[in-house]
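Lettering follows sequence order; numbering is per chain, from 1. Everything quoted here is computed from the prediction, not taken from an experiment.
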Amino acid sequence: MVFVDDGEVEKTTLRQGDVATDIHWVGTVCFKQITIPSGVVDDEKPKRWSVSNELERGPVAIISHCCELDRTNGVKLTSIILAPIRDVAKATSPNKIQELIDSNIISRSGMTYSYLKYFYVPPTPKLPFDRGGVIDISKIFSVRKTSYDVVLDRKILQMTELGRDAFALKVGLYFYRQLLAA
Amino acid sequence: MSAQIQNSDFGTVDNVVPLRAGRRTYGTEILPTDYLIAAHGAELVAQLEAVIFRAVAQQQIRSVVSAFDAVYISSLEPDLISNHSIDKLFALAKIEDRSHEIEFDDGLD
(Lines give C-alpha, C1' and ligand atoms only; values in the text may rest on other atoms or scores of the structure.)
Protein backbone atom coordinates (compact mmCIF):
# COMPACT_ATOMS: atom_id res chain seq x y z
CA MET A 1 0.00 0.00 0.00
CA VAL A 2 1.49 3.34 -1.06
CA PHE A 3 -0.65 5.74 1.00
CA VAL A 4 -1.86 5.72 4.60
CA ASP A 5 -5.57 5.81 5.39
CA ASP A 6 -7.20 9.24 5.53
CA GLY A 7 -7.38 9.18 9.31
CA GLU A 8 -3.61 8.71 9.58
CA VAL A 9 -2.65 11.69 7.40
CA GLU A 10 -0.72 14.21 9.51
CA LYS A 11 -2.31 17.62 9.06
CA THR A 12 0.33 19.71 10.81
CA THR A 13 3.50 18.71 8.97
CA LEU A 14 4.78 17.83 5.55
CA ARG A 15 6.60 14.59 4.85
CA GLN A 16 8.54 13.14 1.97
CA GLY A 17 6.08 11.44 -0.36
CA ASP A 18 3.12 13.63 0.63
CA VAL A 19 0.83 14.59 -2.22
CA ALA A 20 -0.56 18.12 -2.44
CA THR A 21 -3.14 19.22 -4.97
CA ASP A 22 -3.65 22.31 -7.11
CA ILE A 23 -0.01 23.41 -7.08
CA HIS A 24 1.55 25.43 -9.89
CA TRP A 25 3.95 23.23 -11.85
CA VAL A 26 6.55 25.96 -11.99
CA GLY A 27 9.01 23.70 -13.75
CA THR A 28 6.87 23.56 -16.87
CA VAL A 29 7.37 27.24 -17.64
CA CYS A 30 9.02 27.71 -21.03
CA PHE A 31 11.85 30.24 -20.83
CA LYS A 32 11.24 31.33 -24.43
CA GLN A 33 7.75 32.51 -23.47
CA ILE A 34 8.86 34.74 -20.63
CA THR A 35 8.46 38.41 -21.49
CA ILE A 36 10.19 41.30 -19.72
CA PRO A 37 8.63 44.77 -20.18
CA SER A 38 10.36 47.03 -22.70
CA GLY A 39 12.54 49.79 -21.34
CA VAL A 40 14.39 47.57 -18.87
CA VAL A 41 18.11 47.99 -19.34
CA ASP A 42 20.43 44.99 -19.27
CA ASP A 43 21.79 45.42 -15.75
CA GLU A 44 18.44 46.34 -14.20
CA LYS A 45 16.45 43.74 -12.32
CA PRO A 46 12.93 43.77 -13.82
CA LYS A 47 10.13 44.58 -11.39
CA ARG A 48 7.78 42.20 -13.17
CA TRP A 49 7.65 39.67 -15.95
CA SER A 50 4.99 37.65 -17.70
CA VAL A 51 4.62 34.25 -19.31
CA SER A 52 2.54 33.97 -22.43
CA ASN A 53 1.51 30.34 -22.04
CA GLU A 54 -0.91 28.88 -19.52
CA LEU A 55 0.72 27.88 -16.24
CA GLU A 56 -0.01 24.24 -15.61
CA ARG A 57 -1.16 23.22 -12.16
CA GLY A 58 -2.11 19.95 -10.53
CA PRO A 59 -0.99 17.43 -7.93
CA VAL A 60 2.61 17.21 -6.76
CA ALA A 61 4.63 14.84 -4.62
CA ILE A 62 7.11 16.15 -2.07
CA ILE A 63 10.72 15.11 -2.56
CA SER A 64 12.32 16.93 0.40
CA HIS A 65 13.48 14.87 3.36
CA CYS A 66 11.10 14.33 6.27
CA CYS A 67 13.72 15.58 8.73
CA GLU A 68 14.01 18.89 6.87
CA LEU A 69 10.26 19.28 6.61
CA ASP A 70 9.47 18.51 10.25
CA ARG A 71 9.43 21.89 11.98
CA THR A 72 9.97 20.31 15.38
CA ASN A 73 13.43 19.11 14.31
CA GLY A 74 14.80 22.61 14.11
CA VAL A 75 16.56 21.85 10.81
CA LYS A 76 16.87 24.93 8.66
CA LEU A 77 14.51 24.51 5.72
CA THR A 78 15.58 26.45 2.65
CA SER A 79 13.13 25.18 0.06
CA ILE A 80 10.52 22.54 -0.63
CA ILE A 81 11.30 20.17 -3.48
CA LEU A 82 8.33 18.98 -5.52
CA ALA A 83 7.57 16.85 -8.55
CA PRO A 84 4.39 16.84 -10.64
CA ILE A 85 2.14 13.79 -10.84
CA ARG A 86 0.98 12.95 -14.36
CA ASP A 87 -2.01 10.96 -15.55
CA VAL A 88 -0.82 7.48 -16.45
CA ALA A 89 -3.70 7.21 -18.94
CA LYS A 90 -1.88 9.78 -21.09
CA ALA A 91 1.07 7.46 -21.61
CA THR A 92 1.82 6.82 -25.26
CA SER A 93 2.89 3.24 -24.50
CA PRO A 94 0.07 1.91 -22.32
CA ASN A 95 1.38 -1.61 -22.71
CA LYS A 96 4.40 -0.58 -20.62
CA ILE A 97 2.42 0.64 -17.64
CA GLN A 98 2.22 -2.71 -15.89
CA GLU A 99 6.00 -3.05 -16.15
CA LEU A 100 6.34 0.41 -14.63
CA ILE A 101 4.01 -0.52 -11.75
CA ASP A 102 5.93 -3.72 -11.11
CA SER A 103 9.20 -1.80 -10.94
CA ASN A 104 8.15 0.47 -8.08
CA ILE A 105 10.01 -1.89 -5.73
CA ILE A 106 13.29 -1.92 -7.60
CA SER A 107 15.14 -4.83 -6.10
CA ARG A 108 12.31 -7.32 -6.29
CA SER A 109 13.68 -10.79 -7.00
CA GLY A 110 14.61 -11.23 -10.63
CA MET A 111 14.20 -7.55 -11.48
CA THR A 112 16.77 -6.54 -14.08
CA TYR A 113 15.15 -3.34 -15.30
CA SER A 114 13.23 -0.39 -13.96
CA TYR A 115 11.59 2.87 -14.96
CA LEU A 116 13.70 5.10 -12.78
CA LYS A 117 12.14 8.33 -13.99
CA TYR A 118 8.65 7.44 -12.79
CA PHE A 119 7.08 6.29 -9.54
CA TYR A 120 3.58 4.91 -9.93
CA VAL A 121 0.81 5.95 -7.55
CA PRO A 122 -2.40 3.89 -7.65
CA PRO A 123 -5.88 5.30 -8.29
CA THR A 124 -7.43 7.08 -5.32
CA PRO A 125 -10.51 9.30 -5.00
CA LYS A 126 -8.12 12.11 -4.03
CA LEU A 127 -6.49 12.23 -7.46
CA PRO A 128 -8.18 12.86 -10.82
CA PHE A 129 -6.54 9.87 -12.45
CA ASP A 130 -8.80 6.85 -12.95
CA ARG A 131 -5.89 4.54 -13.71
CA GLY A 132 -3.42 6.11 -11.33
CA GLY A 133 -0.57 8.52 -11.92
CA VAL A 134 3.18 8.71 -12.04
CA ILE A 135 5.42 11.04 -10.07
CA ASP A 136 7.75 12.36 -12.76
CA ILE A 137 11.18 12.57 -11.13
CA SER A 138 12.62 14.27 -14.21
CA LYS A 139 10.35 17.28 -13.61
CA ILE A 140 11.45 18.12 -10.09
CA PHE A 141 11.29 21.79 -9.08
CA SER A 142 11.50 23.70 -5.84
CA VAL A 143 9.58 26.50 -4.16
CA ARG A 144 10.59 28.86 -1.36
CA LYS A 145 10.31 27.77 2.24
CA THR A 146 7.65 30.46 2.65
CA SER A 147 5.32 28.26 0.58
CA TYR A 148 5.24 25.65 3.35
CA ASP A 149 1.79 26.52 4.67
CA VAL A 150 0.30 26.73 1.18
CA VAL A 151 1.55 23.25 0.36
CA LEU A 152 0.45 21.96 3.76
CA ASP A 153 -3.07 23.35 3.28
CA ARG A 154 -3.30 21.43 0.02
CA LYS A 155 -1.89 18.15 1.34
CA ILE A 156 -4.28 15.32 0.49
CA LEU A 157 -2.25 12.12 0.77
CA GLN A 158 0.65 10.76 2.83
CA MET A 159 2.81 7.79 1.92
CA THR A 160 3.31 4.75 4.12
CA GLU A 161 6.83 4.01 5.36
CA LEU A 162 7.21 1.30 2.74
CA GLY A 163 5.88 3.54 -0.02
CA ARG A 164 8.21 6.35 1.03
CA ASP A 165 11.24 4.06 1.08
CA ALA A 166 10.50 2.75 -2.41
CA PHE A 167 9.87 6.27 -3.70
CA ALA A 168 13.04 7.72 -2.18
CA LEU A 169 15.09 4.86 -3.57
CA LYS A 170 13.85 5.53 -7.07
CA VAL A 171 14.57 9.24 -6.73
CA GLY A 172 18.10 8.45 -5.56
CA LEU A 173 18.81 5.90 -8.24
CA TYR A 174 17.46 8.16 -10.99
CA PHE A 175 20.34 10.51 -10.28
CA TYR A 176 22.85 7.90 -9.13
CA ARG A 177 22.89 5.54 -12.10
CA GLN A 178 25.55 7.40 -14.07
CA LEU A 179 28.01 6.53 -11.34
CA LEU A 180 26.88 2.91 -11.54
CA ALA A 181 27.47 2.81 -15.27
CA ALA A 182 30.98 4.06 -14.71
CA MET B 1 31.77 -8.02 16.79
CA SER B 2 34.07 -7.00 14.00
CA ALA B 3 34.80 -8.56 10.66
CA GLN B 4 36.82 -8.01 7.54
CA ILE B 5 35.38 -8.39 4.10
CA GLN B 6 37.51 -9.02 1.02
CA ASN B 7 36.22 -8.61 -2.49
CA SER B 8 38.79 -8.94 -5.25
CA ASP B 9 36.65 -7.23 -7.88
CA PHE B 10 35.95 -4.09 -5.95
CA GLY B 11 38.75 -3.83 -3.43
CA THR B 12 38.76 -4.29 0.29
CA VAL B 13 36.32 -3.23 2.94
CA ASP B 14 37.87 -2.87 6.38
CA ASN B 15 36.00 -3.31 9.58
CA VAL B 16 32.33 -3.94 9.85
CA VAL B 17 31.50 -2.94 13.39
CA PRO B 18 28.26 -2.57 15.30
CA LEU B 19 27.30 0.95 16.30
CA ARG B 20 26.42 1.78 19.87
CA ALA B 21 22.68 1.58 20.24
CA GLY B 22 20.73 4.46 21.66
CA ARG B 23 22.57 7.35 20.01
CA ARG B 24 20.96 9.26 17.18
CA THR B 25 22.62 10.09 13.90
CA TYR B 26 21.05 12.03 11.06
CA GLY B 27 17.77 11.92 12.94
CA THR B 28 17.74 8.12 13.16
CA GLU B 29 17.97 6.19 16.39
CA ILE B 30 20.70 3.59 16.30
CA LEU B 31 19.60 0.03 17.01
CA PRO B 32 21.70 -2.94 18.17
CA THR B 33 21.57 -4.25 14.60
CA ASP B 34 23.16 -1.13 13.10
CA TYR B 35 26.65 -1.39 11.65
CA LEU B 36 29.35 0.86 10.33
CA ILE B 37 31.23 -0.22 7.23
CA ALA B 38 34.55 1.56 6.89
CA ALA B 39 36.25 1.48 3.51
CA HIS B 40 39.21 3.07 1.77
CA GLY B 41 38.73 5.63 -0.97
CA ALA B 42 35.79 7.41 -2.49
CA GLU B 43 35.38 5.00 -5.39
CA LEU B 44 34.85 1.92 -3.26
CA VAL B 45 32.57 3.77 -0.89
CA ALA B 46 30.49 4.96 -3.83
CA GLN B 47 30.13 1.39 -5.05
CA LEU B 48 29.04 0.26 -1.61
CA GLU B 49 26.50 3.03 -1.37
CA ALA B 50 24.92 2.05 -4.67
CA VAL B 51 24.61 -1.56 -3.62
CA ILE B 52 23.29 -0.84 -0.16
CA PHE B 53 20.67 1.57 -1.44
CA ARG B 54 19.20 -1.37 -3.33
CA ALA B 55 19.25 -3.52 -0.23
CA VAL B 56 17.01 -0.95 1.41
CA ALA B 57 14.36 -1.72 -1.19
CA GLN B 58 14.59 -5.40 -0.32
CA GLN B 59 13.92 -4.51 3.29
CA GLN B 60 17.07 -6.32 4.32
CA ILE B 61 18.53 -3.04 5.47
CA ARG B 62 16.58 -0.42 7.37
CA SER B 63 18.39 2.65 6.13
CA VAL B 64 21.74 3.93 5.00
CA VAL B 65 23.62 7.13 5.49
CA SER B 66 27.00 7.79 3.95
CA ALA B 67 29.60 10.40 4.60
CA PHE B 68 33.14 10.76 3.36
CA ASP B 69 34.88 7.40 3.62
CA ALA B 70 32.34 5.47 5.63
CA VAL B 71 28.94 3.97 5.00
CA TYR B 72 26.57 3.62 7.91
CA ILE B 73 24.01 0.89 7.42
CA SER B 74 21.19 -0.32 9.55
CA SER B 75 20.66 -4.00 9.02
CA LEU B 76 17.68 -6.10 9.97
CA GLU B 77 19.70 -9.20 9.16
CA PRO B 78 23.25 -9.11 10.54
CA ASP B 79 24.18 -12.12 8.42
CA LEU B 80 23.64 -9.97 5.38
CA ILE B 81 27.05 -8.48 6.00
CA SER B 82 29.17 -11.25 4.59
CA ASN B 83 31.24 -11.89 1.51
CA HIS B 84 28.39 -13.69 -0.20
CA SER B 85 25.85 -11.00 0.50
CA ILE B 86 28.07 -8.17 -0.62
CA ASP B 87 28.68 -9.95 -3.92
CA LYS B 88 24.96 -10.49 -4.34
CA LEU B 89 24.24 -6.86 -3.65
CA PHE B 90 26.76 -5.76 -6.24
CA ALA B 91 24.97 -7.92 -8.78
CA LEU B 92 21.68 -6.18 -8.00
CA ALA B 93 23.23 -2.89 -8.98
CA LYS B 94 22.96 -3.74 -12.67
CA ILE B 95 19.49 -2.41 -13.41
CA GLU B 96 18.43 -1.33 -16.87
CA ASP B 97 16.44 1.90 -17.00
CA ARG B 98 13.55 1.81 -19.46
CA SER B 99 12.13 5.25 -18.72
CA HIS B 100 12.64 6.33 -22.31
CA GLU B 101 10.11 3.71 -23.43
CA ILE B 102 7.22 5.70 -21.94
CA GLU B 103 6.19 9.21 -22.94
CA PHE B 104 3.09 11.26 -22.07
CA ASP B 105 0.69 13.01 -24.40
CA ASP B 106 -0.20 15.79 -21.96
CA GLY B 107 1.81 18.69 -23.36
CA LEU B 108 4.20 18.98 -20.43
CA ASP B 109 7.42 17.89 -22.13
Side-chain angles (χ1 to χ4, degrees), chain A residues 25 27-28 53-54 56 58 65-68 70 73 75 84 86-97 99-100 103-118 133-134 136-139 161-162 165-174 176-182, chain B residues 9-11 24-30 41-67 71-77 80 85-109:
Chain A
W25 290 342
T28 64
N53 65 319
E54 183 180 355
E56 304 283 353
H65 299 290
C66 292
C67 55
E68 280 187 336
D70 187 344
N73 273 347
V75 178
R86 309 172 79 169
D87 186 355
V88 80
K90 300 286 181 64
T92 55
S93 303
N95 57 316
K96 300 286 185 182
I97 299 303
E99 279 190 352
L100 188 158
S103 76
N104 261 13
I105 305 296
I106 290 174
S107 294
R108 185 170 292 163
S109 178
M111 180 66 70
T112 57
Y113 62 86
S114 184
Y115 292 79
L116 297 177
K117 189 186 292 186
Y118 306 116
V134 289
D136 190 336
I137 300 165
S138 73
K139 292 194 178 299
E161 287 285 335
L162 184 60
D165 281 353
F167 173 51
L169 182 66
K170 260 201 165 177
V171 173
L173 291 178
Y174 176 68
Y176 208 79
R177 56 191 166 151
Q178 296 303 325
L179 185 57
L180 294 178
Chain B
D9 292 333
F10 296 98
R24 294 178 66 85
T25 180
Y26 293 90
T28 301
E29 183 178 0
I30 294 176
E43 183 176 352
L44 177 58
V45 170
Q47 296 268 14
L48 278 171
E49 289 171 0
V51 166
I52 292 169
F53 273 118
R54 282 161 176 74
V56 174
Q58 286 191 312
Q59 300 176 60
Q60 292 173 307
I61 290 177
R62 187 165 60 96
S63 63
V64 57
V65 174
S66 62
V71 181
Y72 301 82
I73 70 168
S74 176
S75 174
L76 299 178
E77 299 179 21
L80 177 73
S85 297
I86 292 290
D87 288 343
K88 182 180 177 182
L89 291 175
F90 272 116
L92 284 173
K94 297 173 182 174
I95 293 177
E96 174 192 350
D97 182 22
R98 295 185 178 176
S99 297
H100 63 283
E101 296 181 13
I102 294 181
E103 294 181 338
F104 290 87
D105 186 22
D106 55 11
L108 295 183
D109 293 327

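- Neither the backbone nor the side chain of Asn95(A) has a heavy atom closer than 4.5 Å to any heavy atom of chain B.
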Evaluation steps, side-chain contact (heavy atoms from CB on, under 4.5 Å), between Leu100(A) and Ile102(B): CA-CA 9 Å; Leu100(A) 188 158; Ile102(B) 294 181; 3.5 Å; yes
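- Distance check, rounded to the nearest 0.5 Å: OH of Tyr115(A) to CG of Asp97(B) gives 9.0 Å.
- Looking at residues two or more places apart in sequence or on another chain, you find no salt bridge (charged side-chain N to carboxylate O under 4.0 Å, His left out) involving Glu56(A).
- Of the listed residues Lys170(A), Lys96(A), His65(A), the one with more heavy-atom pairs under 4.5 angstrom with chain B than any other is Lys96(A).
- Considering all non-hydrogen atoms of both residues, Val134(A) and Phe104(B) come closest at CG2-CZ, 3.3 Å.
- Sparse packing is recorded around CG of Asp105(B), with 12 or fewer heavy atoms of other residues, nucleotides or ligands lying under 6.0 Å away.
- Between the side chain of Thr28(A) and the main chain of Leu108(B), no donor-acceptor pair closer than 3.5 Å is present.
- At distances below 3.5 Å, at least one donor-acceptor pair connects side-chain atoms of Ser99(B) with backbone N or O atoms of Leu116(A).
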